[in-house]
Amino acid sequence: MSQIRLDKFISERTEYTRSQIKELAGQGKITADGGVCRKTDVKIDSETADVCVCGERIRNDIFRYILMNKPEGYVSSTDDSDGISVLELVPPQMKAKGLFPAGRLDKDSVGALLVTNDGGLAHRILSPKNHIPKIYIVKLAESFKSKYVDLFWRGIVLGDGEQCLPARVKSIGNCENMAFVELHEGKYHQVKRMFAAVGNHVEKLMRISVGGLVLPEKLGLGDCMELLHKDVENLFQPLDFDRFCDNFFSDFSAIPINK
Ligand code: URA
């Protein structure tokens, strides 16, 4: 049992400010366990209370985990200073205080991006020591060369001399200019710079997995789905890269960026 003030409970879980909450309570638009609450300083049980604001039930848990299929043209940051933030794509019913993208995808990249307000989880995902693998599909300007497999595995040295960790790369079936790439780190523009270092150029890039969390084909560009805490733990159960690539076409009927 965890007692908390009604206004604190609502403000921690929604975008309503304390003054808006007070106003709504005065208008009789807030209920707790079926009864109208006109006072916002009443204590409720944060684990079990059934609180509604304007008829919408407020979830008891604070943390939100949203898997987004990021489209092109949006920036992976919380503010709009460099372009429109991916947070603008989060539908109102999934919004919560303190959401941020846990990881980065370039403005022109698409695919799996986790949006959360759980700083502890984000730290676990982003911490270099956890080496959470991420798998991308790239469309290249020039055809894929078999020598890339060895070069990537030995660790690419980027144009500025920076050394990358060993990475896996694999051509995609009969598409000569497409490949899967698996990285265990996240340097700035890393995939693009790795292919530039071997004399190729990434035209399109899509992230299809973060750890064991795979972007579902049914999640269209710009769409979001809420994850349960148990799904989020999949992040820490990495995929088998070879098996994943081999099975990819039974999971995806078309390559999402091959247009
Ligand atoms: N590597 C890149 O170059 N861009 C991304 O968006 C992600 C990885």
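Remember, it's 1-based here, ligands and their atoms both numbered in the order they're listed. Throughout, numbering of the chain's residues begins at 1 and tracks the sequence.
No donor-acceptor contact under 3.5 angstrom links the side chains of Tyr65 and Asp231, judged on distance only. Looking at Ser81 and Asp79, their side chains do bring a donor and an acceptor atom within 3.5 Å of each other. With hydrogens and angles left out, the side-chain atoms of Ser85 and Ser77 include no donor and acceptor closer than 3.5 Å. Side-chain polar atoms of Asn200 and Tyr148 form a donor-acceptor pair below 3.5 angstrom.
Atom numbering of ligand 1 starts at 1 in the shown order; those under 4.0 Å from a heavy atom of Ser109 are 4 (N), 5 (C), 6 (O). Remark: ligand 1 atoms within the under-4.0 Å shell around heavy atoms of Asp106 are 2 (C), 3 (O), 4 (N), 5 (C), 6 (O).
Heavy atoms of Tyr188 stay at 4.0 angstrom or farther from ligand 1.
For His189, a nitrogen or oxygen atom sits less than 3.5 Å from a nitrogen or oxygen atom of ligand 1, counting backbone and side chain alike. Between Leu105 and ligand 1, not a single N/O pair is under 3.5 Å apart. Between Arg104 and ligand 1, no pair of N/O atoms sits closer than 3.5 Å.
Looking from atom 1 (N) of ligand 1 to the surrounding protein, the closest heavy atom is Val191 N, 3.1 Å. The nearest protein atom to atom 7 (C) of ligand 1, hydrogens excluded, is given as Tyr136 CE2, 3.7 Å; this is a heavy-atom distance.
Arg18 and Asp7 are joined by a salt bridge, as a carboxylate oxygen and a charged side-chain nitrogen come within less than 4.0 angstrom of each other.
Here Phe152 and Phe195 bring their ring centres to under 6.0 angstrom of each other.
At a heavy-atom distance under 4.0 Å, only side-chain atoms of Leu205, from C-beta outward, approach ligand 1.
Note that Arg13 lies in the cation-pi zone of Phe9, set by a 6.0 Å cut-off to the ring centre and a 45° limit from the axis.
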